[in-house]
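In what follows, a structure is listed as structure tokens, so that the remarks can point back to it.
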Amino acid sequence: QTKDPMMQHDYTGWENFHREQWSWDKKTRGTHLVNCTGSCPHFVYTRNGVVMREEQSKDIPKLNGVPEYNPRGCNKGECAVDYQYGPHRIKYPLIRVGERGEGKWRRVSWDEALEYVANGIVDTIKNDASDCISVFTPVPAVAPVSFAAGHRFASFIGGHTHTFFDWYADHPTGQTQVQGLQGDTCETADWYNGRTILMWGANSASTRIPDAHFLQEAVLNGSKMYVISPDFNSTATKADVFVPIKPGTDAALALSMVHVIVKEKLYDEHNLKEQTDLPFLIRTDTKMYLREADMVEGGSEEKFYTWDTKTKKPVLMKGSWGEEPEKRAKLQPGFMGRNTFVFPDGHLDLGDLDPALEGTFKVKLADGVKVNVQPVFEVYKPKLNEYTPENVSKITGVAPSVIIQMARDFAMNKPSMIITGGGTNHWYWSDTVLRAFILLCAVTGNEGYNGTGVNHYVGQWKPTPLLGVVKLSFPHSPKKHRFCQTTIWTYYHGNVYDAMENDGVDTAKYLREALETGQMPLYPQNGRDPKVFICYRGNWLNNAKGLDYVLRNLWPKMNLTVDMNFRMDSTALYSDVVLPSAHWYEKTDLSMTEEHTFIHMTEPAIAPLWESKPDWEIFALLSKKVGEVAKKKGFTKYFDEKFNIARDLTKLHDQQIDGGKLATDEQACQFILDNAPQTQGMTLDMIRKEGPQRFKSNWTSPMKEGVPYTPYQHFIMKKKPWPTLTGREQFYIDHPTFFELGVELPVYKAPVDADQYPLRFNTPHSRYSVHSTWKDNVLQQRLQRGGPMCEISPADAETRGIKDNDWVEVFNDHGRVVVRCKIRNGEQSGRVTMHHEPELYVDLLGGGNSQSPIPVRINPTALVGNYAHLKFKPNYYGPGGVQRDARVEIRRHTGSVTV
Ligand code: MGD
Ligand code: MD1
Ligand code: SF4
């Protein structure tokens with residue numbers, strides 16, 4: 001019995017009930033393996049074998065001169081335990097007995113379920129081909145071991161796995177075009193170092209909840225924050241200046257800022273001459289770069305010139321694609337177009353060279369013909385001149401005085417940074433937006449230093465110890481693995497109608513060319529249809545753009561669809577077999593994100609509940625069963641001609657667990673840590689005892705003790721070439737597709753108007769869910785209106801006779817969705833917003849969801865795969881799943897409900 005120190009009353013027992021509710025007998029590490037970009041280390045508290053709750057671990061080491069990361073968490077993560085015991089939990093293996101999506105199941109044993117799946121796999125390999133088998137599982141940074149389990153399995157059977165970074169429209173296509181990188185950003189502690197912060201198309205107060213405090217702390221410390229968004233979003237409430245821009249017009253605004261900076265001569269000339277292609281010479285007759293092959297018999301097609309103002313001659317620039325370093329690179333990291341780190345430090349240093357940025361010059365070609373040449377900057381000037389603040393104000397709705405003030409702040413109140421997100425990256429022309437953003441940073445010298453750069457946190461995309469993840473996932477090497485580009489796969493096999501001819505783009509022409517010339521992959525090959533789809537850790541059916549086309553045309557092609565999950569999501573609902581996965585607090589895995597530079601873990605607080613199993617174990621069991629079924633069917637061996645591999649299904653299990661060395665998920669975690677330079681010397685035990693460990697090295701900058709990571713220092717400070725054709729940040733792309741579409745330079749392209757409907761359809765991310773996860777969680781639903789809804793402005797509601805909370809239909813030629821409507825003052829007229837991806841069974845009438853009105857739209861620039869750094873590599877370059885360029889109409893729903 002406990003004494004009350006104040007009142008001296010004896011507690012009789014029941015008063016302790018509440019106190020004891022918070023006690024525990026076991027404390028383990030945990031996190032939430034969702035694509036939230038948070039990666040927050042937690043402790044999980046268990047009593048009598050029941051998980052009670054989770055709480056932020058608060059043990060991320062501090063960095064110097066910036067606020068700390070602790071405590072890190074959000075409203076969803078703090079009720080993750082609810083998914084362990086909640087009604088959504090899948091407890092047993094299930095086989096469908098009704099129609100797909102009908103929700104009628106038969107409980108079966110693991111043995112029966114695995115045999116069913118193994119039968120489908122072996123029959124497909126025997127009767128069709130192994131490349132008819134798909135495995136979809138996204139984002140390795142979130143849970144690299146779970147991720148690797150399915151990729152490893154697909155690698156050994158010769159199936160294909162799917163890209164996701166591009167498909168989610170998170171891949172910063174424009175960054176790859178300019179910088180030859182899959183992406184890189186500063187960690188969020190560095191936001192505090194920005195003096196001018198442009199929060200541009202991202203809503204961190206809702207979508208980077210653990211990191212949003214850095215912005216407020218920066219503002220309190222005297223930084224100036226602009227929030228640029230069509231709606232008055234939750235981050236805008238903290239802004240110094242809110243800039244309500246018209247949707248899809250951001251490139252025009254960025255270019256107008258560049259215009260002001262150039263006009264007022266506020267630009268960083270040295271940075272432009274050394275780090276960018278703006279001084280590189282363009283032939284005025286062909287509009288192509290002046291190449292060594294033009295000037296010298298037998299010269300390279302991949303070496304380029306500048307005009308030296310001192311010697312008044314064309315001079316070859318160092319560091320281009322055609323130049324080989326003395327020491328050739330053994331390793332080609334998947335995140336860059338080419339390994340340029342093997343060039344010596346200082347390679348880009350201009351020395352005595354003074355490249356011209358302006359002027360027209362004459363050069364004599366190898367064949368004696370004389371042609372005019374101009375630096376890219378000179379070629380660009382007339383275009384830039386069009387983006388006056390007055391002109392751009394008409395496009396963007398932003399006042400000229402605001403444009404000028406933003407430009408001056410960005411150029412003079414340094415360091416300046418852009419934080420960007422789905423609001424700008426999910427558009428058809430997002431590549432031109434990003435090119436314009438990077439230009440703004442390059443022109444002002446805001447790159448490579450703390451507090452600068454274009455920083456996108458679109459998806460939890462950065463598995464920093466990449467090599468370890470790759471070795472575990474692609475045991476034959478990534479070169480002997482089938483990578484399927486998901487956007488193309490969906491568009492092609494789903495027979496999606498994109499209506500792009502209304503906007504003057506013949507997608508089929510570009511796609512045909514890309515596929516016929518092998519610039520982009522399509523699986524299965526040789527006209528075969530996809531037959532088996534295995535999905536886990538992603539809710540593919542829900543994140544599928546063109547949902548109605550997919551359900552109508554693609555899904556019926558599958559002989560077998562399998563989902564592994566701990567909850568019944570939409571993809572599971574539409575599957576033939578559902579296998580119960582262990583929850584995040586019931587298995588071991590690692591976790592990381594681009595938002596911080598620490599790796600940490602989750603581990604079992606309790607054994608997997610009911611009959612669930614960790615993903616790693618499920619694939620091990622499946623590989624064993626495939627071997628057994630193969631033997632039974634007398635079909636065990638086949639030759640994979642593409643990769644010259646003799647495959648033996650009876651050896652599959654042994655391969656999957658590497659003869660026992662990778663039998664458990666703990667062993668797989670340690671394998672990743674051991675096989676990447678960023679984590680070498682770390683052990684799981686170390687992470688368990690000491691907490692999150694900081695990476696020892698990183699992608700494009702060195703790691704410095706106590707200093708927030710900011711990218712590109714290998715290029716800007718060490719002056720190694722950028723991994724692009726020109727070896728510089730490359731704004732001019734002399735490729736036929738770019739010329740045809742008028743985007744050889746960063747320009748503003750209006751959003752797609754192919755759908756003949758009045759309102760733009762915006763599908764941002766919700767504070768109360770992570771994609772579809774937690775959309776079905778009652779605790780989160782209670783924090784809002786209680787279900788999916790769309791939002792419109794009072795003006796748009798009034799003209800349509802819609803009242804708050806009415807059921808409305810949002811529709812166009814591609815599909816429809818019926819939800820409740822919220823009338824929101826902060827929404828701009830001319831737009832409907834619906835937070836993306838409610839489950840197909842959550843409070844929607846009529847069968848669709850937010851993906852129904854959105855077709856798959858492929859931008860041809862992302863189909864280019866034959867231009868130095870622009871080539872297909874999984875999640876490095878390929879078309880994105882554009883998801884904001886749809887137009888819709890909205891009307892009150894009064895009819896009967898059809899499901
Ligand atoms: P969005 O929520 O799509 O992107 O999150 P964010 O990067 O924040 O949109 C952000 C803002 O941009 C919105 O206010 C939107 O209205 C505005 N916007 C829309 N169109 C335009 C435009 O044309 N121009 C400008 N300037 N702004 C526009 C996405 C991010 O969030 C991602 S990609 C992932 S994977 C994570 N998902 C996620 C989640 O699902 N839930 C939560 N709670 N957090 C998440 N964090 C990550
Ligand atoms: P995803 O997550 O991966 O299916 O969807 C992510 C996707 O929505 C993303 S990243 C983006 S950016 C995107 N955005 C977007 C938009 O803004 N607008 C429109 N119109 N479309 C868009 N499309 C894409 P989600 O929904 O959270 O599903 C994850 C599933 O995995 C389960 N799960 C697990 N399963 C297993 N086997 N093991 C695990 O450890 C595990 N953890 C989670 C989870 O239950 C859920 O069903
Ligand atoms: Fe968990 Fe993500 Fe929320 Fe962090 S941001 S608490 S990792 S759900």
Side-chain angles (χ1 to χ4, degrees), residues 93-97 100 106-137 148-161 473-477 480-482 484 493 523-536 556-564 575-579 613 615-663:
L94 302 169
I95 291 181
R96 169 172 73 85
V97 289
R100 282 181 182 158
R106 183 165 64 89
R107 177 180 164 184
V108 296
S109 66
W110 267 99
D111 199 55
E112 186 179 346
L114 289 172
E115 180 134 353
Y116 191 101
V117 178
N119 263 315
I121 289 174
V122 176
D123 287 347
T124 303
I125 298 173
K126 190 173 161 203
N127 303 330
D128 301 285
S130 66
D131 74 351
C132 295
I133 301 168
S134 274
V135 176
F136 181 85
T137 188
H151 280 78
R152 202 173 160 81
F153 178 80
S155 244
F156 283 132
I157 62 167
H160 64 259
T161 54
S473 308
F474 314 112
H476 287 303
S477 113
K480 296 200 168 191
H481 184 91
R482 292 183 169 89
C484 172
H493 295 297
Y523 286 107
Q525 293 188 317
N526 302 329
R528 289 185 285 267
D529 280 340
K531 298 282 179 191
V532 176
F533 190 70
I534 301 175
C535 180
Y536 71 107
K557 289 181 182 165
M558 303 293 180
N559 290 340
L560 173 67
T561 52
V562 183
D563 196 81
M564 302 170 187
S575 290
D576 303 329
V577 182
V578 177
L579 302 174
K613 295 179 193 299
D615 299 319
W616 189 259
E617 190 183 332
I618 296 178
F619 276 101
L621 291 172
L622 181 60
S623 60
K624 197 170 190 180
K625 189 54 90 181
V626 168
E628 289 166 15
V629 166
K631 255 194 208 159
K632 261 195 229 164
K633 289 184 185 276
F635 176 82
T636 54
K637 294 189 179 143
Y638 52 101
F639 190 72
D640 190 334
E641 280 176 22
K642 184 177 170 81
F643 299 130
N644 207 14
I645 298 176
R647 300 190 188 271
D648 182 347
L649 292 177
T650 59
K651 302 233 163 67
L652 189 60
H653 180 241
D654 201 46
Q655 289 175 319
Q656 183 77 13
I657 61 167
D658 195 12
K661 284 190 239 140
L662 292 173

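It should be emphasised that the depicted structure is a prediction, and the values quoted were computed from it without experimental measurement. When reading the values below, keep in mind they use all heavy atoms of this one structure, side chains included, and skip hydrogens, waters and symmetry mates.
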Test log, rule ring-ring contact (aromatic ring centres under 6.0 Å, His included), inputs His476 and Phe643 | CA-CA 10 Å; His476 287 303; Phe643 299 130; 8.4 Å; no
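- Atom CG of residue Asp563 and atom CG of residue Leu579 lie 8.5 Å apart, to the nearest 0.5 angstrom.
- Every side-chain hydrogen bond (donor to acceptor under 3.5 Å, both in side chains) that Glu112 has, sequence neighbours left out, goes to Arg106.
- Once rounded to the nearest 0.5 Å, the distance linking CD of Gln656 with OG of Ser623 reads 5.0 Å.
- Ile645 places none of its side-chain heavy atoms less than 4.5 Å from the side chain of Tyr638.
- Taking Phe533 as the reference, His162, Trp489, Trp540, Trp555 meet the ring pair (Phe, Tyr, Trp, His ring centres under 6.0 Å) condition, with sequence neighbours excluded.
- The side chain to side chain contact (heavy atoms under 4.5 Å, CB included) test applied to Arg96 returns Arg100, Trp105, Asp576, not counting sequence neighbours.
- Minimum heavy-atom separation, Ala620 to His653: O-CD2, 3.1 Å.
- To the nearest 0.5 Å, the span separating NZ on Lys632 from CG on Asn119 amounts to 7.5 Å.
- At a threshold of 4.5 Å between non-hydrogen side-chain atoms, the residues Ser155 and Lys480 do not count as touching.
- Applying the side chain to side chain contact (heavy atoms under 4.5 Å, CB included) rule to Asn127 yields the partners Asp123; only residues at least two apart in sequence or on another chain are considered.
- Between Val562 and Ser575 the shortest side-chain heavy-atom distance does not fall below 4.5 Å.
- Side-chain contact check for Ser109 versus Pro93: every heavy-atom pair is 4.5 Å or farther apart.
- The CD atom of Gln655 sits 9.0 Å away from the CG atom of Leu649 when rounded to the nearest 0.5 Å.
- Remark: Lys651 pairs with Asp648 by the salt bridge (charged side-chain N to carboxylate O under 4.0 Å, His left out) rule, at least two apart or across chains.
- A search for salt bridge (charged side-chain N to carboxylate O under 4.0 Å, His left out) contacts involving Asp131 returns Arg528, not counting sequence neighbours.
- Qualifying side chain to side chain contact (heavy atoms under 4.5 Å, CB included) partners for Tyr116, counting only residues two or more places apart in sequence or in other chains: Ile95, Leu560, Val577.
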Evaluate the criterion side chain to side chain contact (heavy atoms under 4.5 Å, CB included) for residue pair Arg482 and Lys642; output intermediate values, then yes/no.
-> CA-CA 10 Å; Arg482 292 183 169 89; Lys642 184 177 170 81; 3.6 Å; yes
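- Taking NE2 of His493 as the start and OG of Ser134 as the end, the distance is 8.0 Å to the nearest 0.5 Å.
- Using a 4.5 Å heavy-atom cutoff, the side chains of His151 and Phe153 are not in contact.
- Here the side chains of Trp110 and Lys613 are in contact, with some heavy-atom distance below 4.5 Å.
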Side chain to side chain contact (heavy atoms under 4.5 Å, CB included) assessment of Thr137 paired with Met564 = CA-CA 10 Å; Thr137 188; Met564 302 170 187; over 6 Å; no
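- Under the salt bridge (charged side-chain N to carboxylate O under 4.0 Å, His left out) criterion, Asp658 pairs with Lys661, sequence neighbours left out.
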Yes or no on ring-ring contact (aromatic ring centres under 6.0 Å, His included) for Phe619 and Tyr536, after CA distance, side-chain angles and deciding distance?
-> CA-CA 11 Å; Phe619 276 101; Tyr536 71 107; 5.0 Å; yes
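- Sorted by first and then second residue, the salt bridge (charged side-chain N to carboxylate O under 4.0 Å, His left out) pairs involving residues 620-630 (not counting sequence neighbours) are Asp111-Lys625, Glu115-Lys625, Lys625-Glu628.
- Atoms NZ and CD1, from Lys126 and Ile121 in turn, are 15.5 Å apart once rounded to the nearest 0.5 Å.
- The environment of Lys557 atom NZ is dense: over 12 non-hydrogen atoms of other residues, nucleotides or ligands sit within 6.0 angstrom.
- The heavy-atom pair separating Cys132 from Asp529 by the smallest distance is SG-O, 3.5 Å.
- Here Ala154 pairs with Val135, Thr161, His481 under the side chain to side chain contact (heavy atoms under 4.5 Å, CB included) rule; sequence neighbours left out.
- Taking Tyr523 as the reference, His160 meet the ring pair (Phe, Tyr, Trp, His ring centres under 6.0 Å) condition, with sequence neighbours excluded.
- With Trp616 contributing its side chain and Leu662 its backbone, the two residues share a donor-acceptor pair below 3.5 Å.
- Heavy-atom neighbours of Lys637 NZ from other residues, nucleotides or ligands within 6.0 Å: at or below the threshold of 12.
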